[in-house]
Structure formats: structure tokens, C-alpha cells
Amino acid sequence: MSKILEIKNLKAKIGNKEILKGLNLDLEEGKVHAIMGPNGAGKSTLSKAIVGHFDVEVTDGEILYKGKNIVDWEPEERALEGIFLSFQHPVEIPGVNNAYFLRTAVNAKRKHEGKEELNAAEFLRKMRSLANELGLKPELLNRSLNEGFSGGEKKRNEVLQMMMLEPNLVILDEIDSGLDIDALRAVSEGINKMKDGKRSFLVITHYSRILDYIKPDYIHVLKDGKIVKTAGAELVKELEEKGYSEFEEK
Amino acid sequence: MKLEILNAMSEQEIIEALGTRKEKIEIARKLKELKLPHKKSEKYRYYDIESFLHKEITLPKSGFEAKEHKNALIIENAKVIAIPKQEGVEVTFKEFSDVASNHFDSLYYLSHLLNQKAIVIRISKDSNFEIKHIVSSNEFLSYRIVLFVDSNVKAKVYESFEYCGDNLDRLLYGIDAIIARDASLDFIKNQTLNFSVEPIATNYFKLDSNATCNFLTFDFTSKSGLNIFKAELKEHAHFDATHLIYGTNSAKIGTISEIEHTEKSAKSNQDARAILNEKARGIFDALIRVTKEGIYASAHQNSKAILLNSGAYMASKPQLEIYIDDLEASHGSTTGQLDKTQLFYLRSRGINEVEARKMLILAFANSAISKIEDETIFNRVQIDFEKAYYGDTKLDCIKTCHECEENILKG
Ligand SMILES: Nc1ncnc2c1ncn2[C@@H]1O[C@H](COP(=O)(O)OP(=O)(O)O)[C@@H](O)[C@H]1O
Ligand SMILES: [Mg+2]
């Protein structure tokens, strides 16, 4: 089974505080991995380390993506090579038009892949139809990026970007927070539709509800900056019953 | 002569030295009282006003040799060479002494003394025209424009600049806009002079009751220049000012202003934005005063600056001076770099850093430019901004900017 991501002994700081303390994690191509763990465990820090966020300073270890260490890559290189993070808290950018932004991103990626740019009509058709599937109000496409969007609208907009950009590795950080049941269903359907046997997913959550909709192949428990347990989907039940306190470092 | 000698003179001597009509004695008195600014003058502290005033000048000659023109008042080197051919827009060149009695700026009075006559535009019907300044002379230029907007009339004026010489000295000009009851004036200034010109505009806006004025200034330049203005608001008048500057090189540019609520229920709003690169210095020294009579006022003022370079500097001084309790008012000022989180978000979607910065800077600029309602002017200003912004980053933007790409290919 080939691995899309191998994280080896990753240590990372935010400010002066060590958050990831020698984390090991392998993600398999075409599979859905879930990371669960209590608040403050370092889940978002891990996702930020993978995409190269400026908050996180990697001090030791490796992140191999398709076999290459990406620790020193610029964020845009990681994105162009197919890594996508749906942020826990997407930022608002007043004055940058949502559709214009998305088109710029899509065409940057196509260009990187040696494909022709999508023309305006093709792009609009695709964007509108996906937005419709996700239940994202069409007027939000012509507004400033995330500005004044509700929590749920921001998450739908993240998933829309994911579906348009067609990444190889999709990281979803607390995608279900702020979503009501209908929204959760629409968003999960969108995500599930993107499963194609090759694309890999890392679903990060501290709450198991999302895993009823997006079925994981593997569950990892992240606690205090390390992966402390890896198992199959059956682990969800156990976590629901016992909580995270049972899991200590092996 | 050097203008600074005026400071030591009596009113009569000033009038004689400038060859001005005796009727302007009150104006000379104001000049004498305020004195010409120097480098320690509070409001001009961040502007190199001494080099503006200390150079030799010959007394300027404004003039009027107008041929009709479709849609623009064209002033070339202080001479009116064309006037707009529009019903309800009448342009004359005549003596004008009825100036503001309480302007804070001595250059305002100086320019009135330097000019025997003013270009007087009376707008009696809804209209829309351009005032175009063409400068190509290597002399000190000065002139005054007076705009009367009659009651109930809606006027839209777009002010533009064109430079076609290589050695212009200085330009001291200004507008007195007298806006009658229930009238409205949209005034948009678009200044992108990038050679050796240093334009100082010293304006006065008088808003009668229920009058409205939208005043927008866009200055994108590597050179210096100032927008100085005073606005006076009567009952229920509404004054909205938006300023956007983009400065590069060692430009010193900005706004020095005073907006005064002299009667009840007036509204004012001033939004200043600055993008500063290299060693540019932005200036925003702006006061809103609500007098005792200005009850139920609404007064808001905000300044935001983005510094693209560690050598750039913003001198921001928003001030509210309020003599009543019952009003709605706010002011604020921020200076900083581009938002890192926003920049990261764009990059995390595969947009390269140069392009991502461009998007954020355009977004910042657009929040001011998008206040232009007229689509043609909106496009013009937007293009001018992009030109100014890319002018000094050509090599980095080759992938994103067709104009630069073409220029580079041409060699
Ligand atoms: N920007 C930041 N500055 C300082 N501390 C941070 C920052 N972001 C996260 N932390 C700290 O890092 C730890 C891990 O946070 P995070 O990765 O967000 O946890 P999780 O996503 O698992 O809830 C927490 O103790 C949190 O307080
Ligand atoms: Mg988190």
C-alpha cells in the first residue's frame, strides 16, 4: 500500500511552546484517516505544520509527501502539489471577490499541472453547480471572500474550494463545527463524492459525529503532541464510551 | 522673489508686492495673521513645505483663451484653453474676493492673493464634466477655481492631471466650492503626476443646509503633493471625504484638512487610506470640529495605512474637537503591513506570494476606489492605480500584468 504522507518524529513549536513532541503518522493513498483528540492536543497545529503555516515552527523530524520532505516548501508549492487544508477558522478577506479568488487559485493549479486555464464560462458553470450541491447561496460567490459569512457558510465555502481544486491530500480541520445536520449532510456528501480510490483524506475532529457521515478507514488518537493509538473504525465507539483519558502513550 | 519675505510685511506691503487689488486687504490680513508655513508649523511638519516656498518665484499669470470643448474645462499652464459646452455650466474669468473667512491654511489665502482673477464656474443644471489640468511649464504656476452649485442641482466633477514637460516647478491651486441648499457635488480628483511636479491643492467647501458633497481624492505618485481643505457644514449638510494615496520613492503626500459642523444635524465622514512603498511618507492631519451649534452631529474619521517597506512612514493624526454632548462620533487610525493570515490563506490555495500580495493591496485600494459611482471613472482610477502599483515592481509582475509584460517585451 503506498503512502501519501509519512510524518516522522515531528517536533514543532508555536512561539516558545513545543506543541508537537515527536509525532509519527502514516497516511495511505486513497484512504480516509481520522485524527481525534481532546481540545488543545495539537490537532490544528499538525494540520498547520503540513501546509506550512507561519505560526508553526518545525524544529525536528520530517514530513514526507509522496516521498519528498516538504518541511521547507513554501505554502503555495504544497498547495500546487496537491495538499489542501480546510481551515478550522477560515479568515475573512474584505475586498477580494470570492469567485475571482477561486478562479485565480484554480488556474494557478492548472497552470502548474501544465493544463490550460479554465475559461470564464467553464469555470462559472462548474463553480455554480458545486455551490448548489453544497447548498452555498449563489450570492456568496460574488461577495468578498468569507466576509460576513456564517460559520456554516465558511465551511461550505472551504469544501467548495476543495472540490474545485481537486487536491490529492485533503485535510479537514473540524469541518463539522458550526454546521447543522442538513449542512453536515450536504458537506459530507460533497466530500464523499471526492473519494476516488486515490485521493486521501485526513479528517480532524474532537467530536465523533462527522465520522457517521464520512466513514474512516483508520482512527488515530492525538494527545499531548503525539499519536498515542492507531486502530480501525471500531475505535470510535470505544472513544465515545471512555473518552481520551484512557489513552496514554504506548 | 521669495515668498518667505511676505511674512515680514504689512498687509499693504503684501498687496503691493504681489500686485494685488486693494479690495483684497482682508485676505492679506489673514495671510499676515496666519503666516506662511515653515518646517516647524504643526500641520506641515511632515511635508517639505520650505522647499516649496523658498524657491524663487515669478508672479504667476493665469488667463483665459477658451475655445469650446465638449465635456471638459481644460487649464493649461494656468490658462483656460477650453470650457465645457453644457447647458447650465457657465464659465467666466473674473475678480473674486469673497473667500473663506476662517480657513486654517495660509497657502489658501496666498493663492487668492497671487491671483487677480479666478476661473468661476456656475452650475445651474444637473451636469457632469471634467476639469483637466495640463502642466508643461517650468515656472511656478498658480490659479484659483470657484464652483457655484445652485440650489437643487446635482453636479459631478472629475478632476484630472496631465503633464507633458520635463521640468515643472510647483503648482499652487485650489477650488472654492459653494454648494447651495439641497444641492449636491460629487468631486473626484485623480492625480498621478509622476515627474517633477509638486501640486498643492488648497480648497474650501461650503455646504449650505441640506447640501451634500462627496469628495474623493486619489493620488498615486512618486512625487510630493498635498490636499489641503476646509469644509463648513450647515444644517443637515452631508460631507463625505475619501482619500487614497499610493506613494513610492520619497514622495510626501497626503491630506491636511478641517471639517467644521457649524449648525445642527450635519454629517461628516472621512476615510483615508494609504499604501506606502520605498521611502514614501503619507500624511493625514485631519480635524473634525463640532461647534456648540452643531448638535445632533454625526462625525466619523478613519485612517488606515499599509507600509510595504521598512523605509515607508505614515504620519497620521485624526482629531475630533467637540463642544457638545449629543452626537455620534468616532475616529481611528491603523498603520501596518499586510495581514499575514490573509496572505497565508491565499498562498495555501496555490496563489504565489507576489500575486497574493497584489490581491490584498488591490482589495485595500478598491475599498476606496469602489466609492466611485461612475463606471468609466471607476475603471480609469482602477487602471491608474494598477499602473502606479506595478510601475515599480515590473519584474515581479511579469506573469500577472499584461501591460508590464508588453512594455518589457518592447524593451
Ligand atoms: N497561535 C497560537 N499562539 C499560542 N499558542 C497557540 C496558538 N495556537 C495554538 N496554541 C496552543 O497550542 C496548543 C495546541 O493547539 P491546537 O493545535 O489548536 O489544538 P487542537 O486543534 O487540538 O484543539 C494549545 O495549547 C493552544 O493553546
Ligand atoms: Mg483545532
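Lettering follows sequence order; numbering is per chain, from 1. The basis for the numbers below is simple: all heavy atoms, side chains too, and nothing from hydrogens, waters or symmetry mates.
A:K154 NZ: more than 12 foreign heavy atoms inside a 6.0 Å radius. Remark: A:E122 CD is packed, more than 12 non-hydrogen atoms of other residues, nucleotides or ligands lying under 6.0 Å away. Counting non-hydrogen atoms of other residues, nucleotides and ligands closer than 6.0 Å to NZ of A:K3 gives a total of 12 or fewer. In B:E373, the CD atom is not crowded: 12 or fewer heavy atoms of neighbouring residues, nucleotides or ligands sit closer than 6.0 Å. Sparse packing is recorded around NZ of B:K267, with 12 or fewer heavy atoms of other residues, nucleotides or ligands lying under 6.0 Å away. The environment of A:E139 atom CD is dense: over 12 non-hydrogen atoms of other residues, nucleotides or ligands sit within 6.0 angstrom. Around the NZ atom of A:K195, the shell of radius 6.0 Å holds more than 12 heavy atoms that belong to other residues, nucleotides or ligands. Residue A:K68 places its NZ atom among 12 or fewer non-hydrogen atoms of other residues, nucleotides or ligands, all under 6.0 Å distant.
Applying the salt bridge (Lys or Arg N to Asp or Glu O under 4.0 Å) test to A:E174 and every residue at least two apart in sequence or in another chain returns nothing. Partners of A:E189 under the salt bridge (Lys or Arg N to Asp or Glu O under 4.0 Å) rule, at least two apart in sequence or in another chain, do not exist in this structure. Residues passing the salt bridge (Lys or Arg N to Asp or Glu O under 4.0 Å) test with A:D55, sequence neighbours excluded: A:K48.
Counting all heavy atoms, side chain and backbone alike, A:P94 lies closest to B:A363 at O-CB, 3.5 Å. Among all heavy-atom pairs drawn from A:L80 and B:G350, the shortest one is CD2-O, 3.5 Å.
Only the side chain of A:N146 comes within contact range of chain B, with at least one heavy atom under 4.5 Å from a heavy atom of that chain. Proximity to chain B (any heavy atom under 4.5 Å) is shown, for A:L102, by neither the backbone nor the side chain. Heavy atoms of A:E92 lying under 4.5 Å from chain B belong exclusively to its backbone. Using a 4.5 Å cut-off between heavy atoms, A:I93 touches chain B through backbone and side chain atoms alike. Residue contact with chain B, scored on non-hydrogen atoms closer than 4.5 Å, involves the backbone and the side chain of A:P90 alike.
The contact list for residues 328-347 of chain B toward chain A, using heavy atoms and a distance under 4.5 Å, reads B:K340, B:T341, B:Q342, B:F344, B:Y345, B:L346, B:R347 by residue number.
Residues A:F87 and B:S348 are in side-chain contact: their nearest non-hydrogen atoms beyond the backbone lie under 4.5 Å apart. For the pair B:I351 and A:E76, the minimum side-chain heavy-atom distance is 4.5 Å or more.
Note: B:R349 CZ to A:F84 CZ = 3.5 Å, rounded to the nearest 0.5 Å.
Annotation: maximal heavy-atom pairing with chain B below 4.5 Å, among A:H112, A:E81, A:E158, occurs at A:E158.
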